[in-house]
Amino acid sequence: MPRKDKVHDLVKASLVNDGWDITKEPYYVNSLSADYEVDIAAEKWIVASKENIKIAVEVKSFLNASFAHAFHGILGQYLNYAALMFLQEPDRVLYLSVPSDVYAQHFHQPATAFVLQLYRVNLLIFNPLTKKIEQWISN
């Protein structure tokens, strides 16, 4: 069984609190002979438009002493998952979960913000204390 990130259950609770149904844990990406495991898959029905929104969330705590080192590895992982998910299930959108304090401290730095926008990284900003999603950022 894959090892869960330390904030995995907090992100899962935040999604449930926001009305999402957890459909897979983990969500397996099996494209082009690659086998990857994105942490969580979730779906939410938007009744007014009769639309089913499907997402996958890669959970990260960014507890590494070096933000830059952690970010480089996480970005590569996110890009691999996004590309292969597109082949497998193009209507499912990948998000990277980020604790709100980490987002406030690091994600507004010009270089980080530029890279996120350039590579169209979607973010789910959650508050680990309240177990609530504070912000969705779609690029």
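Nothing here was measured: the structure is a model prediction, and the numbers come from that model. All residue numbers in this chain count up from 1 along the given sequence. What's counted below: heavy atoms across the whole structure, side chains too, no hydrogens, waters or symmetry copies.
- Between the side chains of N30 and D35, at least one donor-acceptor pair of N or O atoms lies under 3.5 Å.
- Side chain of D21 to main chain of T23: no donor-acceptor pair is present (N/O by atom type, distance under 3.5 Å, no hydrogens or angles).
- Ring pair H106/F71: centre-to-centre distance not below 6.0 Å.
- The distance from atom CG of L96 to atom CD of Q77, rounded to the nearest 0.5 Å, is 9.0 Å.
- Hydrophobic clustering, with ILVMFWY side chains joined whenever heavy atoms are under 4.5 angstrom apart, keeps F86 apart from V57.
- Salt-bridge formation is not detected for the pair D39/K12: no Lys NZ or Arg NE/NH1/NH2 atom is positioned less than 4.0 Å from an Asp or Glu carboxylate oxygen.
- I137 CD1 to Q117 CD: the interatomic distance, rounded to the nearest 0.5 Å, is 11.0 Å.
- The distance from atom CG of L124 to atom CD of E58, rounded to the nearest 0.5 Å, is 12.0 Å.
- For K132, the NZ atom counts as loosely surrounded, since its 6.0 Å shell holds 12 or fewer non-hydrogen atoms of other residues, nucleotides or ligands.
- A continuous path of ILVMFWY side-chain contacts below 4.5 Å connects L116 to Y119, so both sit in one hydrophobic cluster.
- Here the NZ-CZ distance, from K6 to F62, works out to 15.5 Å after rounding to the nearest 0.5 Å.
- Heavy-atom neighbours of F107 CZ from other residues, nucleotides or ligands within 6.0 Å: above the threshold of 12.
- A 6.0 Å sphere centred on NZ of K131 holds no more than 12 heavy atoms belonging to other residues, nucleotides or ligands.
- In the displayed structure, H108 atom NE2 is contacted under 6.0 Å by more than 12 heavy atoms of other residues, nucleotides or ligands.
- The distance from the OG atom of S61 to the NE2 atom of H8 is 12.5 Å, given to the nearest 0.5 Å.
- For the pair R92 and Y27, the cation-pi test (distance below 6.0 Å, angle within 45°) is passed.
- Side-chain contact between P128 and S100: present, with at least one pair of heavy atoms (C-beta onward) separated by less than 4.5 Å.
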side-chain contact (heavy atoms from CB on, under 4.5 Å), that's the test. Do L15 and I55 meet it? Break it down for me. CA-CA 11 Å; L15 286 164; I55 64 170; 4.0 Å; yes
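- Not a single donor-acceptor pair under 3.5 Å links the side chain of N139 to the backbone N or O of N122.
- For the pair I53/W20, a side-chain contact is recorded, criterion being any heavy-atom separation below 4.5 Å from C-beta on.
- Centroid-to-centroid, the aromatic rings of Y36 and Y28 stay 6.0 Å apart or farther.
- Between F126 and Y95, the ring centre distance reaches or exceeds 6.0 Å.
- Taking CG from D91 and CE from M85, the interatomic distance works out to 9.0 Å, rounded to the nearest 0.5 Å.
- When hydrophobic clusters are built by joining Ile, Leu, Val, Met, Phe, Trp and Tyr residues whose side-chain heavy atoms come closer than 4.5 Å, directly or via intermediates, L129 is not grouped with L10.
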